[in-house]
Amino acid sequence: KRLTILPDAKNHGMMMLLDWSGSMSDCIFKTVQQTIQLVQFCSKVNIPFELYFFSSEMDKTDGSRISKDFNYKPGDMAIDNVKLVNVASHKLKKQKLDESLMYLYHLAMYYDHRYCWRSSRDPFAFERPDSVGIPSEYYLGSTPLNEALMIMLKLVPLFKNKYKIE
């Protein structure tokens, strides 16, 4: 029987990625609910955290996949457009954090009611006055998971060094 005591047990943090792609449409609402619980837990126990969702839909102005700023040669890799949206952070004041999570919750609710079985049972769902659209930047798009993970390879070490966490 051994007991390990960590001094102050404050050497941990969380960086969370939320998949904001079309393949999540049937489970985005429940996923967001769980994510909000994780964020609130981290906030209550003062664990540094950052929550991002990744999307291919942000800033789609010209639709081009290949940047014209680089001279590509055979064998180079072109990656899809990807944006990480910082939805929540331990650096936000409580009121701003709650507001951000409320917007995230309502975005998820929008998709829960539009893209699942519930919308087929309510033929007037799109005609109600409270049925508003969302900006196209927040539409569910493709799944740029690999691109998001490449970005996280840079962000995670910065986060760890900044807050002296494991």
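Atoms considered below: every heavy atom in the structure, side chains included; atoms not considered: hydrogens, waters and symmetry mates.
Here F53 contributes atom CZ and T31 contributes atom OG1; the two are 14.0 Å apart, rounded to the nearest 0.5 Å. Rounding to the nearest 0.5 Å gives a distance of 11.0 Å between CG of L101 and NE2 of H106. Rounding to the nearest 0.5 angstrom, the gap separating the CD1 atom in I165 from the NE2 atom in H12 is 9.0 Å. To the nearest 0.5 Å, atom CZ of residue F49 and atom CG of residue L38 are 10.0 Å apart. With values rounded to the nearest 0.5 angstrom, I47 atom CD1 is found 10.0 Å from N11 atom CG. Here the CG-CG distance, from L145 to L17, works out to 8.0 Å after rounding to the nearest 0.5 Å.
Comment: K91 engages E50 in a salt bridge, judged by a side-chain N to carboxylate O separation of less than 4.0 angstrom.
Annotation: Y138 is not in aromatic contact with Y110 [ring centroid separation under 6.0 Å not met].
When all heavy atoms of E57 and Y139 are compared, the pair lying nearest together is CG-O, 3.2 Å.
Tested against L97 for a side-chain contact (heavy atoms from CB on, under 4.5 Å), the candidates L51, V87, L92 yield a single pass: L92.
When the side-chain contact (heavy atoms from CB on, under 4.5 Å) test is applied to Y103, the partners found at least two apart in sequence or on another chain are E99.
Under the side-chain hydrogen bond (donor to acceptor under 3.5 Å, both in side chains) criterion, the residue pairs touching residues 14-24 are D19-S21, S21-S23, S21-T143, with sequence neighbours excluded.
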